[in-house]
Structures are given as structure tokens and as C-alpha cells.
Amino acid sequence: MLEKSYVLPTYARADISFVSGQNATLTDSEGKEYIDFTSGIGVVSVGHGDNALSQALCEQAKKIIHISNLYQIAPQEEAAKKIVLESGYDMQCFFGNSGAEANEGAIKIARKYGEVDGQPKRYKIITLKHSFHGRTITTVKATGQASMHNYFGPFPDGFVYADDIDQIASLVDDHTVGVMIELIQGEGGVQPIDKEKVQKLAAFLKEKDVLLIVDEVQTGVYRTGEFLASNVYDIEPDIITLAKGLGGGVPIGVVMTGKKDVLGAGDHGSTFGGNYLASTAASTVVDLLSAYKQSGALDEAIIAFAQKLEALQKAHSDIFTEAVGFGLMRGLRVVDADTLAAIITAARTHGVMVLRAGRNTLRFLPPLTITKDEMDEGFARLEKAIGTL
Ligand SMILES: *Cc1c(COP(=O)(O)O)cnc(C)c1O
């Protein structure tokens with residue numbers, strides 16, 4: 001740690017600094033190696049140090065990095081086309097720089113959709129109590145966790161929290177314009193929402209002309225095994241947001257919607273959004289992961305990882321009460337929060353990085369390209385770490 005830091009203390013950081021990485025293996029400044037089961041919180045989807053991605057970025061950077069959205073940006077058009085075609089939905093994209101910003105865009109689209117001349121304004125958006133939608137003033141308010149609303153007010157009005165998916169329909173009123181949910185709550189504790197209930201809700205909202213907004217910032221871009229969790233759930237949302245895994249580490253956020261005529265010129269914007277560099281990153285990542293999925297290798301990695309996780313859970317059922325999640329978005333419920341904290345620290349000492357989610361979930365978000373050897377090594381290290389508790 002630096003003696004005097006010029007960075008604000010908003011994070012309780014571990015005292016490690018990484019200097020390089022290769023796929024799911026990282027090296028710190030002391031030369032120690034770690035197996036990365038975090039991928040920078042679901043961001044480094046194609047692994048660290050990917051050749052194709054770094055080459056594409058270098059080549060693009062030498063030509064042009066940024067010119068603003070006042071001009072045509074071919075790589076942005078290309079990235080949007082790939083994203084839309086992969087999704088299977090008839091939509092268009094807006095590019096921002098983060099998950100929170102993508103959700104801000106979603107909220108703006110919904111709010112404008114709710115303004116129709118001569119009709120009462122519809123502005124309310126229903127979200128879930130254990131959701132996570134971001135850290136801006138609006139998205140922190142959209143986040144249903146009361147603990148996140150302690151300071152920073154007054155907040156924008158119009159967010160309504162449902163205890164669970166079952167309660168959402170009963171909260172819809174004449175002022176409701178949208179419902180925003182994660183299909184698998186990430187930060188809230190790797191909590192998949194029941195597929196049939198989501199499908200029923202989607203049908204109900206369609207009937208009421210209330211927009212279904214799916215926050216796929218964490219679940220999107222093959223994290224669940226399909227391009228979108230919405231594909232897994234077999235629903236057709238009105239608005240979808242993406243960010244984390246899309247740029248392979250380059251900051252990017254996308255809001256995509258089939259409501260193509262809601263926002264017009266000047267209604268929304270972003271200086272950086274979808275610039276040459278970020279769009280090239282997204283295009284390359286989508287190409288890489290699409291080919292990886294088609295080869296069958298992603299499905300194999302998911303099956304292998306799930307088997308490892310279940311074996312670990314069964315071997316330590318006194319500590320891990322349940323294995324949850326799907327795709328490469330997985331968790332183990334831990335008996336209590338202290339044990340969870342101890343596991344994360346011991347794991348780090350033994351050279352494997354894992355995450356926390358919610359109060360009692362050990363979370364796994366490995367690079368989607370993690371190899372069988374890296375999995376074996378990571379789980380062996382985790383096993384050793386647990387042995388020291
Ligand atoms: C991480 C996350 C966000 C916020 O993304 P940022 O890029 O940190 O702004 C929003 N929604 C979900 C579901 C997330 O997992």
C-alpha cells in the first residue's frame with residue numbers, strides 16, 4: 001500500500017497488486033500466481049491477456065480512438081449489429097460506458113415512453129428488494145436495498161420495491177411504466193428468479209403495456225451459457241441493458257430496445273459512449289465468445305465447473321449449504337458471514353480469488369474461457385484453503 005494515497009478510500013482493497021494475467025491465471029507484483037474465479041467481477045469474459053482482443057485494440061488505437069457521436073462510427077454500427085443479431089431480438093442499441101449508465105438509459109426510455117400527450121404521465125418503475133442496478137443517484141435509488149439509501153438524498157421519485165417476483169403484478173397501477181429486474185440477481189446473492197414466474201409476469205406486463213426492463217449487466221454476453229439470460233428464460237423484454245462482460249475489460253454499457261422511436265435526436269447522449277476503441281472491444285468479444293459457444297467449449301466449461309462446485313459443496317456440506325446459479329455465474333451458500341469472509345481471505349492466501357455476494361454467498365464468476373486445468377488448480381487451492389479454517 002502506498003504510504004499516502006491520492007485515491008479516495010471508497011473501497012476496502014486487498015493488499016495485492018496484479019501485474020499480468022493469462023486467461024484465468026494472474027500474477028501479482030511479488031510473482032505469486034492466482035487462479036481468477038472473479039474475472040474482475042464478470043468483466044474479463046475472454047480471459048486476461050487475450051491475443052485477439054489486445055491485437056484488435058492496438059490496431060484500432062493506432063488508427064483512431066475517439067471522435068464523438070456527432071459523426072458516423074463504423075465500429076459502433078458493427079458492434080450494435082452483432083449484439084442485436086446475437087440477441088435474436090428486433091432491437092437497436094445505445095452505447096454508454098458502464099452498467100449504471102446503461103440502466104440510466106433504460107429508465108430514460110421508459111420515462112419518455114410513459115409521457116403521452118393528453119394522458120396521465122406514467123413514470124413509476126418497479127424493482128426488487130434484493131436487486132442491484134448501479135451507483136449513480138438514480139440507479140442507487142432503483143436498487144431495492146434500503147442499506148444503499150442511507151445518504152445522498154433527495155433521490156428521484158418513482159421507484160417502487162417489490163418483496164419478490166410474486167408481488168410485482170399487484171404493485172402495477174395507472175402510473176407504472178416499467179418493471180426492472182435481473183433474471184439472476186448477482187450482487188444480491190446469485191439468486192435466479194423462477195423462469196415460469198418471469199414468463200407469466202412478462203405476459204401480464206405486455207397486456208398492461210408496462211415495459212419489462214431486464215438488467216443483464218452481469219448475466220449478459222454468454223455468462224449464463226446463452227448470449228442473454230433473457231434467451232434462457234425465453235422472454236422478449238422491451239429493454240435490455242448490458243455492460244460487464246461485453247468489452248472484455250474495456251468500459252462499455254449498452255441499452256437496447258425494441259421501442260426504437262421513443263428517443264429522438266438530442267434526447268440522450270454520451271461523449272465517450274461507443275467510441276472506436278470500446279466498440280472494437282465489444283465486436284471482438286462478441287465474435288470470440290460466439291465462436292467459443294458454437295464450438296461447444298463454453299457448454300463444456302460450464303458443465304465441468306458446475307461438477308467441481310457441486311463436489312466441493314458435498315464434501316463440505318457443513319460449510320456450504322447449497323450450490324446456486326447457472327452458467328458461469330455460480331455461488332455457494334455459506335453457513336454464516338464470518339465463515340464466508342474467512343474463506344475468501346484463506347483462498348487468497350492459497351492463490352485463488354473468489355467473490356462475495358449478498359450476505360452469505362461465495363460467488364464465482366470465472367472468465368468464460370477458463371480451462372479445465374485452471375479449474376482443477378483453482379478448486380484444489382480452494383480445498384486447501386478450506387482445510388485451514
Ligand atoms: C455491476 C452491475 C451494475 C452496475 O454496473 P457498473 O458498471 O458498475 O455501473 C448494474 N446492474 C447489475 C445487475 C450489475 O451486476
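In listed order, ligands and their atoms are each counted from 1. Being a predicted model, the structure only gives us computed values, none of them experimental.
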Flag the pair Y222 / Y292 as yes when their ring centroid distance falls below 6.0 Å, and as no otherwise.
no

Identify all N/O pairs between ligand 1 and the protein with a separation under 3.5 Å and present them as a table of atom names and distances.
from, atom 1, to, atom 2, distance (Å)
ligand 1, 7 (O), G99, N, 2.8
ligand 1, 9 (O), G99, N, 3.4
ligand 1, 9 (O), A100, N, 2.8
ligand 1, 11 (N), F132, O, 3.2
ligand 1, 11 (N), D215, OD1, 3.4
ligand 1, 11 (N), D215, OD2, 2.8
ligand 1, 15 (O), Q218, NE2, 2.7
ligand 1, 15 (O), K244, NZ, 2.5

Have a look at Y113 and tell me which of T257, D209, D261 forms a side chain to side chain donor-acceptor pair (under 3.5 Å) with it.
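Only match with Y113 under side chain to side chain donor-acceptor pair (under 3.5 Å): D209.
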
Please output the side-chain donor-acceptor pairs of residues 149-159 that fall under 3.5 Å, not counting sequence neighbours, one pair per line with the distance.
from, atom 1, to, atom 2, distance (Å)
H149, NE2, V140, O, 2.8
H149, NE2, T143, O, 2.8
N150, ND2, S147, O, 3.2

Under the side-chain contact (heavy atoms from CB on, under 4.5 Å) test, residues paired with E236 that sit two or more places apart:
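E236: side-chain contact (heavy atoms from CB on, under 4.5 Å) contacts with Y89, K206.
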
Just grab all the salt bridge (charged side-chain N to carboxylate O under 4.0 Å, His left out) pairs involving residues 46-69, residues at least two apart or on different chains.
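For residues 46-69: none.
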
Mind telling me whether F37 and F364 have parallel, tilted or perpendicular rings, with 30° and 60° as the class edges?
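Ring orientation of F364 relative to F37: tilted.
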
